Amino acid sequence: MLAKLHSATLQGLNAIPVCIEVDSYEGGQNQKFSIVGLPDNAIKESQERINAVLRQNKYKSLTRSIVVNLSPADIRKEGSGFDLPIALGVLLSYKFIEVSAIERYMFVGELGLDGTVLPIKGALPISIKAREMGYEALFVPAHNAREAAVVNNLKVYGISHIQEVISFLQGTRQLEPTVVNTREEFYSQLNTFDFDFDEVKGQANVKRAFEVAAAGGHNIILVGSPGCGKSMMAKRLPSILPPLSLNESLETTQIHSIAGKLSKESSLISQRPFRSPHHTVSDVALVGGGNIFMPGEICLAHNGVLFLDELPEFSRSVLETLRQPLEDRVVTVSRSRYNFTLPCSFMLVASMNPCPCGYLHHPTRRCMCTPAQVHRYMNKISGPLMDRIDIQVEVESVPFEDMSKAPKGEPSSAIRERVINARRIQMERYKDIKGVHCNAQMNTALLQKYVQLNDETMTLLRNAMKKFNLSARAYDRILKVARTIADLEGSETVEKQHIAEAIGYRNLDRDNWAG
């Protein structure tokens, strides 16, 4: 008997519907279990798992040959999520169970040998595809039920064992669909953070730099000796960024779903992601790809923050892969078997020591590095990459006396309010310009339109460029950051004090910085 069921496979960030056809027939003395339709090894091995599941659940041993077709046959299928629908198809083809409404459902799930339904990756995009295709219900592992139930107008059943599905299909058991109040849960968690800027003692100039960076979407690099608080402050950046919109949250959650990063209790991601890969990360791990496609760190940081601690320790080839994503905010991953374009709009936050020993410009400890060693260390970061970082800040160590006496700092909520107001001004300014949402995304034409300096302010900028021997690439960066500082103050024009502050955020461009 021929049985047909519906499932889905992942291609990039999207799900592709797959029709699973199972036919059992008398195959003589040599019993066969064949799966066709470009399955990967995980799918081919499902026959052993399915045989064990049927034995463990008291079904008769398979005595006939079985052929399973995964249609469309010209698309490669990957992963273990086809175990459940294939097992149900075998039972239907043997007439162990009879179901008339199977066409209305979609099934995904990996099986343990005892029939337990195990988690899969990509439940959310599969759920979106199931609703788009008009299916009545989606059966997913219980672990993935909440993320799949984010999609409305679709019944999502979280199942723990194959017998639950069989009993439901035969009408002997009722299952309750998983219900998630998406909006209520999303908005209730928008302002919950593990870290807050009120825990940072001193460092007023660095906190101000973070506020400016968050308000304009600017990339930022922190330079300071070990233990001065660079990583601590970077981890608090998401607490002052504008809250995610529902669309941003859904897009971010999809990426994390495909990567298998969501917990059982997760539904929609409500906080901007913060990714901090180790400096030994590979090109593929950062950008994405692999034999079986996986989103990279820059995609997992989409709509959030990518923090690269000890920037010069990253391999040169890894850092160079960031140049195009930082500019275009999308990355195209091309391999022999696929070509995917993925979103990766993130804020880059980097930190580094000022020299190999870490104590250049330190107030109390002596630097042991020669000028040549310092220059060699700084040159590990290419000019084109540094060109994409708008704000450069030196972080000084806070003396013990100052730390012990310093009052509690300004909370993130107060800083965030100013950031949101500045972003609101920018959204209104760029509402008719495609692909531009904040000041960091301005091109030269927009700079000329929205940053017009009077003679006094232009003279200040010209003198600073000459005095500090600032590079040409610093000019546009100063104007962008000054525009953001003006927005934080609610000023329609960029004034002298805004330019002066922006110049102070170009420390590494100064010709004599390294001594």
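All heavy atoms count here, side chains included; hydrogens, waters and symmetry mates do not. For the single chain, residues carry numbers from 1 onward in sequence order. On a predicted model such as this, the values are computed, not experimentally measured, just so you know.
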Grab the two heavy atoms, one from Lys121 and one from Gly260, that are nearest each other, plus how far apart they are.
-> CG-CA, 3.9 Å
For Leu262 and His143, which heavy atoms make the closest approach, and how far apart are they?
-> O-NE2, 3.7 Å
Applying side chain to side chain contact (heavy atoms under 4.5 Å, CB included) to Ser491 and not counting sequence neighbours gives Ala486, Thr493, Glu495, His498
Among all residues two or more places apart in sequence or in another chain, which pass the side chain to side chain contact (heavy atoms under 4.5 Å, CB included) test with Gln441?
-> Arg329, Val436, His437, Cys438
The criterion is salt bridge (charged side-chain N to carboxylate O under 4.0 Å, His left out); which residues satisfy it with [X], sequence neighbours excluded?
| X | value |
| --- | --- |
| Asp487 | Arg429, Arg483 |
| Arg423 | none |
| Glu327 | Arg388 |
| Lys129 | Glu132 |

Distance from Arg208 atom CZ to Asn205 atom CG, nearest 0.5 Å?
-> 11.5 Å
Value for CD (Glu297) from CZ (Phe307), rounded to nearest 0.5 Å, stands at 13.5 Å
Answer yes when [X] and [Y] have at least one side-chain N-carboxylate O distance shorter than 4.0 Å, and no when they do not.
| X | Y | result |
| --- | --- | --- |
| Lys480 | Asp390 | no |
| Asp309 | Lys230 | no |
| Glu265 | Arg146 | no |

Partner residues of [X] under the ring-ring contact (aromatic ring centres under 6.0 Å, His included) criterion, sequence neighbours left out:
| X | answer |
| --- | --- |
| Phe346 | none |
| His362 | Tyr359 |
| Phe340 | Phe293, Tyr338 |
| Phe314 | none |

In chain order, what residues pass the side-chain hydrogen bond (donor to acceptor under 3.5 Å, both in side chains) check against Ser276, with sequence neighbours excluded?
-> none
Using residues 282-292 as the side-chain source, report each donor-acceptor pair under 3.5 Å to any protein atom, sequence neighbours left out, with the distance given to one decimal.
unit_1, atom_1, unit_2, atom_2, d
Ser282, OG, Ala285, N, 3.2
Asp283, OD1, Ser317, OG, 3.4

Residue that, paired with Phe274, satisfies side-chain contact (heavy atoms from CB on, under 4.5 Å) out of Val349, Leu306, Leu241, Val305 = Val305
